[in-house]
Asks: 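Questions regarding the structure given below will be posed in turn.
Naming convention: chains lettered A, B, ... in sequence-line order (proteins, then strands); numbering from 1 in each chain. The figures that follow rest on heavy atoms only: side chains count, while hydrogens, waters and symmetry mates do not.
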Amino acid sequence: MDGYYAWMIVATALVLMMTTPALALFYGGMSRSKSVLNMMMMSYVSLGIVGIVYVLWGWSMAFAGDDVGSLFGNPFDAWALKDVPWESYIGGVMFQMTFAAITVALISGAIADRVKLSAWVLFVPVWVTVCYFPISHQVWSTGVGFVSKHFGAQDYAGGTVVHINAGVAGLVLALVIGKRVGFGKEPMRPHNLTLTMIGAGLLWFGWYGFNVGSMVFLEGDGGEKDIAQFMSETGVTFLNTTIATCAAMLGWLAMERILHGKATSLGAASGIVAGLVAITPSCGAVDITGAIVIGAAAGVLCAWAVGLKFKVGMDDSLDVVGVHLVGGLVGTLLIGLFSTADAPGGIDGLFYGGGFGSLGDQAAAAGWAILWTGVLTTVIAFAIKFTLGWRVTEEAEVEGIDSDQHGESAYDLHSGLGGGTTAPSTSVLAKHTVTEGVNA
Amino acid sequence: MDGYYAWMIVATALVLMMTTPALALFYGGMSRSKSVLNMMMMSYVSLGIVGIVYVLWGWSMAFAGDDVGSLFGNPFDAWALKDVPWESYIGGVMFQMTFAAITVALISGAIADRVKLSAWVLFVPVWVTVCYFPISHQVWSTGVGFVSKHFGAQDYAGGTVVHINAGVAGLVLALVIGKRVGFGKEPMRPHNLTLTMIGAGLLWFGWYGFNVGSMVFLEGDGGEKDIAQFMSETGVTFLNTTIATCAAMLGWLAMERILHGKATSLGAASGIVAGLVAITPSCGAVDITGAIVIGAAAGVLCAWAVGLKFKVGMDDSLDVVGVHLVGGLVGTLLIGLFSTADAPGGIDGLFYGGGFGSLGDQAAAAGWAILWTGVLTTVIAFAIKFTLGWRVTEEAEVEGIDSDQHGESAYDLHSGLGGGTTAPSTSVLAKHTVTEGVNA
Amino acid sequence: MDGYYAWMIVATALVLMMTTPALALFYGGMSRSKSVLNMMMMSYVSLGIVGIVYVLWGWSMAFAGDDVGSLFGNPFDAWALKDVPWESYIGGVMFQMTFAAITVALISGAIADRVKLSAWVLFVPVWVTVCYFPISHQVWSTGVGFVSKHFGAQDYAGGTVVHINAGVAGLVLALVIGKRVGFGKEPMRPHNLTLTMIGAGLLWFGWYGFNVGSMVFLEGDGGEKDIAQFMSETGVTFLNTTIATCAAMLGWLAMERILHGKATSLGAASGIVAGLVAITPSCGAVDITGAIVIGAAAGVLCAWAVGLKFKVGMDDSLDVVGVHLVGGLVGTLLIGLFSTADAPGGIDGLFYGGGFGSLGDQAAAAGWAILWTGVLTTVIAFAIKFTLGWRVTEEAEVEGIDSDQHGESAYDLHSGLGGGTTAPSTSVLAKHTVTEGVNA
Amino acid sequence: MKLVTAVIKPHKWEDVREALEAFGVTGMTVSEVSGYGRQKGHTEVYRGAEYDIALVPKIRIEIVVGNDDADDVVGIIVKTAQTGRIGDGKVWVSPVDTVVRVRTGDRDDAAL
Amino acid sequence: MKLVTAVIKPHKWEDVREALEAFGVTGMTVSEVSGYGRQKGHTEVYRGAEYDIALVPKIRIEIVVGNDDADDVVGIIVKTAQTGRIGDGKVWVSPVDTVVRVRTGDRDDAAL
Amino acid sequence: MKLVTAVIKPHKWEDVREALEAFGVTGMTVSEVSGYGRQKGHTEVYRGAEYDIALVPKIRIEIVVGNDDADDVVGIIVKTAQTGRIGDGKVWVSPVDTVVRVRTGDRDDAAL
Ligand SMILES: Nc1ncnc2c1ncn2[C@@H]1O[C@H](COP(=O)(O)OP(=O)(O)O)[C@@H](O)[C@H]1O
Ligand SMILES: Nc1ncnc2c1ncn2[C@@H]1O[C@H](COP(=O)(O)OP(=O)(O)O)[C@@H](O)[C@H]1O
Ligand SMILES: Nc1ncnc2c1ncn2[C@@H]1O[C@H](COP(=O)(O)OP(=O)(O)O)[C@@H](O)[C@H]1O
């Protein structure tokens with residue numbers, strides 16, 4: 001089994017790489033140049049905080065601690081990994097930690113350009129503790145967690161736990177925190193699509209750790225059966241993840257072509273992510289047909305969904321709802337239709353003669369996650385709103401949150417006599433003072 | 001063998017990462033800022049299409065289907081992977097798919113800035129079906145494929161199948177499609193070399209999956225012998241890949257210094273790719289000396305070759321011919337001289353007392369690939385030219401293909417009062433209209 | 001053991017990726033836009049040269065050659081890997097090569113924007129031969145090397161060998177080569193922090209190869225014990241690397257908030273690297289508490305240290321001293337306090353009842369590395385200064401080293417009518433001449 | 001003919017353009033510039049080094065108009081661009097001998 | 001002295017520069033600007049949000065010339081920059097009291 | 001009123017600003033431009049293709065001043081920006097009918 005173990009070292013590092021820098025780039029490129037650094041910081045800080053929190057009490061609440069009413073584990077049982085064997089540090093603790101980190105980081109896209117760093121630093125640990133750890137316990141503590149026990153829904157790598165979860169939280173925060181100054185009036189176009197393209201590519205790369213690394217052994221004794229399962233099941237999840245993503249990219253581009261006449265690179269990047277989101281819960285449940293259909297459906301539906309926010313007038317800035325909630329639901333629910341007993345999951349969905357059972361389970365699981373996170377995130381959001389406060393001043397937002405919150409600007413592309421752009425860079429023309437002892 | 005299997009999961013993901021984002025960045029950085037998104041899109045779309053096509057009939061044509069005249073496999077035998085065991089989904093199907101995807105993506109560099117997305121979307125599936133799948137069958141279906149049967153040439157990871165193949169196709173398309181407006185007159189310098197440097201670095205990283213992952217077992221029964229081969233042969237291919245690339249980088253820089261007086265960063269990035277291309281077929285055939293010589297030769301010769309297009313007046317925009325065709329030939333032919341029986345390939349080349357046999361085989365294989373792809377790509381190129389048409393309007397080309405084909409522009413670096421560049425960004429000064437129901 | 005072997009293939013590729021492109025990006029983003037290419041080139045060239053040198057005599061001097069006075073191995077014993085088995089090409093030779101490459105590349109940050117490429121090309125091979133190979137031999141040739149024999153200090157992955165070593169060399173070069181024109185007067189702010197953020201993220205990702213890949217087997221016979229060690233020790237090093245880095249990021253940000261009122265993205269990126277540096281020697285020596293403390297200490301102390309250079313008026317341009325020397329010392333010395341017998345290292349430090357023994361050993365090892373490299377780097381630095389000369393002309397430095405040394409400029413963001421920035425790009429307005437036969 | 005040059009705050013550009021359009025100005029030339037004056041810039045800190053950004057971004061508008069329209073155009077710009085806070089900018093009028101439309105060669109009023 | 005200011009299409013810059021060089025203009029100052037006028041911009045769509053790019057990039061050329069040369073310079077620019085399609089741009093001439101060469105302190109005609 | 005326009009070398013900007021500040025100039029508008037003249041650009045080579053960069057970056061400063069101050073301001077700029085090497089730039093003075101402060105509507109001298 002050291003082969004499987006070697007894979008899990010890589011898989012864990014890959015998922016960590018998804019938050020920093022991949023997601024930070026994907027989001028950063030879509031924000032304005034005056035707020036790209038703040039956008040990236042939200043991802044980096046999420047990982048920084050969750051990395052510590054998960055080791056202290058996250059693992060205990062999600063898996064190791066004694067179950068409390070099928071809702072979560074006792075945070076103190078395995079506090080700071082007490083009595084947790086080194087063998088499960090990587091495939092267990094660290095692998096799961098990276099999921100928690102990226103889930104909360106995903107939320108940041110909904111509230112771009114307007115949130116105080118301090119508010120975010122407060123939100124991250126509270127939210128993962130109240131929303132993420134419990135849901136991952138409820139869904140993934142097989143036979144123990146609430147969802148697993150009552151609905152036995154399939155969620156291979158986190159359709160409910162990660163994407164619906166983050167999507168709902170993003171929806172709530174976008175509503176509670178409100179729109180950016182000038183939303184719907186001023187242009188808020190992506191400032192650097194090359195960053196978004198890099199981010200999408202690296203997310204795709206890292207997602208193999210995410211999905212293919214999420215295999216659970218049937219035997220778990222490290223024997224022949226486990227190895228055989230490793231060498232066959234991962235083939236299915238890898239292939240499904242790949243073709244669903246390809247189908248979603250093409251689906252999004254086709255939809256754009258129909259709706260707006262042109263297929264865009266932002267559409268390709270977005271389609272990739274939408275497909276990866278939708279195949280996340282379903283990569284172990286469906287066959288090739290199912291994977292292609294789920295991917296294509298996610299691409300088409302998300303491409304349509306991202307336009308809705310302007311209608312309802314909600315500033316879900318980088319479409320966490322349109323991509324992660326919608327994509328997560330597509331993947332979670334379509335399992336009910338396309339799940340097949342010939343796939344590792346071993347359950348037949350409606351179209352494979354399995355009746356409505358699976359569909360019902362999937363819907364129930366999704367509904368429960370939406371309910372739990374919807375309610376609790378609302379409480380957290382208002383609590384912060386009426387205490388610390390979420391938003392930077394309106395002037396700071398107009399001038400740019402990078403300058404206000406971090407005292408930085410992302411670019412200084414003036415290049416003196418060296419050619420290239422000779423745009424007036426304010427800082428180049430600036431007076432530089434090294435404040436003696438500023439650090440003393 | 002689960003260790004080898006674990007490696008193949010990673011290797012496959014690595015090669016996929018080479019197309020998106022690595023190659024897209026390498027090419028995108030070299031194109032102009034008004035066409036960088038289109039350039040990147042060509043890589044992304046290639047993977048999107050090939051990912052589906054390969055699973056449907058590619059694997060069947062390349063390997064699984066019954067051989068048809070030693071030229072290709074029957075596409076319908078293993079349609080949609082019928083009867084293909086899960087065990088071969090990764091190391092087999094997906095690993096090979098990523099090769100097909102990057103090969104066609106490589107071609108896009110030759111026709112940068114001027115091709116309609118629709119034409120490319122049509123070309124990709126046709127070309128891989130007519131040129132890539134057959135050649136990979138002919139070379140890599142051992143004892144069955146035409147090249148393998150008659151010449152028994154060595155092509156460890158794709159010198160003929162990938163690089164000569166893509167290089168010839170690029171040459172043909174560049175000639176059929178014609179020059180960019182203003183080629184040779186207007187400046188067409190790289191717009192963002194930092195992207196090209198990132199791309200080159202990530203290509204190098206991913207190339208270990210490409211070369212080291214291409215090992216073929218002698219026994220293949222998963223026994224001790226296989227494991228021993230895995231743990232020794234990969235050492236040779238990894239080391240050869242590394243030192244050849246280093247030698248090529250230094251070779252290109254030295255050549256630049258001689259020709260132009262200065263060694264450039266674009267030269268370093270280009271040298272890296274040239275070296276990787278040349279060592280691709282030869283990484284399992286040569287020893288340390290051979291690897292260094294092949295790398296250095298590729299660096300020097302490609303650095304010289306990229307200048308030729310201006311002489312012949314052919315607009316191979318990003319030097320697919322100069323780097324991939326030339327580099328692929330260098331690697332493929334030098335095997336005939338430096339191949340050694342002490343390497344995994346086990347064949348002695350001319351300089352190692354093996355006579356001209358190997359050199360002849362290598363030349364024949366290269367010639368055949370050039371012939372096959374040269375003829376068939378010409379047919380495809382003209383077919384598209386006289387039906388759908390390849391090129392965007394001249395005005396669109398001047399205004400920028402990103403705007404014309406995708407309705408996007410890559411950068412909007414205006415940063416309001418937040419400092420940084422204050423270049424006039426048209427869009428910042430633009431009127432923003434959220435078209436109600438645009439998506440409804 | 002093929003699982004462990006599979007991991008080492010990946011680990012080696014990961015560390016190689018740290019130099020190109022990760023470190024090049026981290027440094028490049030911090031430099032000015034007129035010198036970013038030169039900054040990146042220094043990393044790329046380092047790898048290019050060391051890749052060849054290490055295979056020729058580096059491996060022999062570091063490990064394979066007969067020991068010479070416990071100082072280094074005989075460079076000629078295993079010249080060009082004579083008699084080195086293929087099995088040790090990856091986990092041994094190549095893995096160690098990537099360490100040498102990144103160590104010398106790290107130094108370049110101290111002398112940004114002002115050094116001739118030719119001087120750097122000369123420095124790299126000399127320095128690794130005189131400083132890196134010997135120190136890696138002295139520390140890591142267990143029981144043979146000077147440091148290992150006399151102090152038995154713990155340096156799991158290179159606190160002394162890599163970071164203190166590079167830090168001291170950077171200090172010496174910064175002093176010998178002198179300040180940049182306008183240092184302390186003109187603004188020299190980072191020109192593109194998104195590159196620095198990408199770099200930091202990829203460095204973190206690659207660092208798992210660096211630390212987790214540095215495990216040494218107790219038995220080494222590939223038996224059960226080895227596998228068990230692999231599957232438990234790597235868990236500790238992976239987890240410690242992660243949480244120390246998280247703690248360092250938060251520590252740096254907190255320190256910035258206190259010192260300057262704002263937490264910056266450059267601070268987050270810097271904190272990540274500082275934490276990774278400090279946990280490099282200690283990841284196998286401490287428990288969770290130790291890892292968090294070491295990380296936090298590194299973040300806080302380095303955040304303070306980077307301000308010192310302005311006081312002493314030394315132009316350590318990108319803080320190689322402030323981050324790598326200081327961070328390396330923090331990690332190396334705190335082992336003496338927090339090392340615990342419950343960790344893989346198996347040694348108790350002061351706070352764990354081990355007395356001052358460990359602390360003394362650590363201090364001695366650090367001191368020795370500082371002494372050795374300090375003296376020898378000074379000799380090399382002056383030798384180059386009085387022969388070839390280090391610096392470009394003052395005018396070249398003002399106009400930009402990219403233009404002077406490479407004849408390039410990184411960015412040309414003019415995008416014609418395609419929208420985006422319309423900054424006057426000199427080259428767009430330039431006359432383009434394809435010099436016939438320039439390459440003939 | 002007159003040349004009206006206005007330096008205003010970036011976020012006021014949109015309003016000014018609309019007001020001028022309404023008045024009947026058919027064209028103008030715009031560029032982004034940096035302003036130095038009473039309005040102060042801000043400070044940035046990178047690894048302990050403080051940078052005092054003295055300049056503030058402004059939008060510069062050039063409009064060639066007939067003699068009679070000059071005052072009205074100035075009035076419109078001042079009215080629309082005014083926020084009352086320091087840094088609102090300046091508008092100045094200078095004489096122009098002649099203006100030509102490149103496309104047609106038309107001169108002066110006919111060129112606008 | 002006169003100041004000739006020309007706003008033209010970017011891809012015409014090269015021709016204009018050569019024509020002026022041929023005529024004997026030894027120097028000029030160039031900047032990229034955005035133009036607003038009859039020529040319309042284009043539209044971009046990002047995730048269903050349409051952006052109407054109202055401005056089009058232009059090149060702005062400033063040339064200080066002697067009184068007698070002004071007309072010829074204007075003529076050359078108009079001739080060379082003309083494509084006949086909307087958006088060709090404008091050229092205007094305004095009076096200059098004096099011009100100084102920084103390097104030498106020479107004034108007026110001697111400064112050019 | 002007069003408009004003083006100066007085109008200087010970028011690295012001289014800081015000195016010029018300080019000198020003008022000392023003299024009492026309270027505001028100015030700055031932009032980066034490209035200069036064409038006696039000073040030659042440089043050459044870049046990308047994969048064997050040579051690019052001759054004809055333009056050199058310059059800083060362009062616009063200052064509206066009272067009639068009496070114009071000469072002094074010109075003198076200060078010439079003195080401070082001078083390096084004596086080709087490419088130091090030009091300074092020219094042109095008439096201004098009126099200048100308005102957007103914030104207050106003040107005119108002419110009161111507007112500065
Ligand atoms: N004398 C001047 N000449 C040219 N431009 C000026 C002058 N004084 C100010 N400006 C421009 O007007 C802008 C606003 O001026 P400032 O003094 O900051 O505020 P206010 O005009 O409200 O007093 C400045 O940023 C600068 O661009
Ligand atoms: N009144 C004006 N003042 C200054 N610049 C103008 C004016 N009118 C037009 N321009 C400039 O001339 C350019 C071309 O004008 P436009 O009306 O689009 O086409 P045309 O000049 O062919 O009628 C505009 O983009 C703008 O930069
Ligand atoms: N006739 C002109 N009109 C406007 N600007 C000019 C003119 N001649 C020169 N310049 C500007 O002055 C700069 C310096 O001129 P140049 O001839 O290179 O050196 P010098 O002024 O020392 O002779 C040029 O780069 C250009 O920006």
Asks: Can you tell which part of D:Lys9 gets under 4.5 Å to a heavy atom of chain F, answering side chain, backbone, both or neither?
Replies: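 Contact with chain F involves no heavy atom of D:Lys9 at all.
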Asks: Could you pull out the closest heavy-atom pair between F:Arg17 and D:Ala54, with the gap in Å?
Replies: NH1-CB, 3.5 Å
Asks: Check for a donor-acceptor pair, side chain of D:Lys90 on one end and backbone N or O of F:Ala111 on the other, with a separation under 3.5 Å.
Replies: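 It does hold such a pair.
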Asks: Measuring from atom CD of F:Glu62 to atom OG1 of D:Thr5, what distance do you get when rounded to the nearest 0.5 angstrom?
Replies: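 Answer rounded to 0.5 Å: 6.5 Å.
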Asks: Which heavy atom in D:Ser94 sits nearest to a heavy atom in F:Pro95, and how many Å separate them?
Replies: CB-O, 3.3 Å
Asks: Heavy-atom distances under 4.5 Å only: say whether D:Val93 touches chain F with side chain, backbone, both or neither.
Replies: both
Asks: Under the criterion salt bridge (Lys or Arg N to Asp or Glu O under 4.0 Å), I'd like the reasoning laid out for F:Arg101 against D:Asp88: C-alpha separation, chi angles, the key distance, then a yes or no.
Replies: CA-CA 8 Å; F:Arg101 164 179 287 124; D:Asp88 277 353; over 6 Å; no
Asks: Checking F:Thr98 against chain D: side chain, backbone, both or neither under 4.5 Å from a heavy atom?
Replies: both
Asks: Side chain from CB out, backbone as N, CA, C, O: work out which of these in F:Val64 comes under 4.5 Å of a heavy atom of chain D, or both, or neither.
Replies: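 For F:Val64, the side chain is the part near chain D, not the backbone.
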Asks: Between F:Thr104, F:Val25, F:Thr26, which residue shows the highest count of heavy-atom pairs closer than 4.5 Å to chain D?
Replies: F:Thr26
Asks: Under 4.5 Å heavy-atom distance to chain D, tell me which part of F:Leu3 shows up: side chain, backbone, both or neither.
Replies: side chain
Asks: Roughly how far, to the nearest 0.5 Å, is CH2 of D:Trp92 from CG of F:Leu112?
Replies: 10.0 Å
Asks: With rounding to the nearest 0.5 Å, note down the distance linking CD1 in F:Ile61 to OG in D:Ser34.
Replies: 11.5 Å
Asks: Return the minimal non-hydrogen interatomic distance between D:Val33 and F:Ser31, and the atom names on each side.
Replies: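 Smallest heavy-atom distance, with atoms named: CG1-CB, 3.8 Å.
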Asks: Measure distances from D:Arg60 to the heavy atoms of chain F and classify the residue's part below 4.5 Å as side chain, backbone, both or neither.
Replies: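 Interface part for D:Arg60: side chain.
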Asks: Carefully, step by step, assess F:Arg107 and D:Val74 under the rule side-chain contact (heavy atoms from CB on, under 4.5 Å).
Replies: CA-CA 11 Å; F:Arg107 284 190 168 256; D:Val74 171; 4.2 Å; yes
Asks: May I ask you to test the D:Tyr36-F:Ile63 pair for a side-chain heavy-atom distance under 4.5 Å?
Replies: no
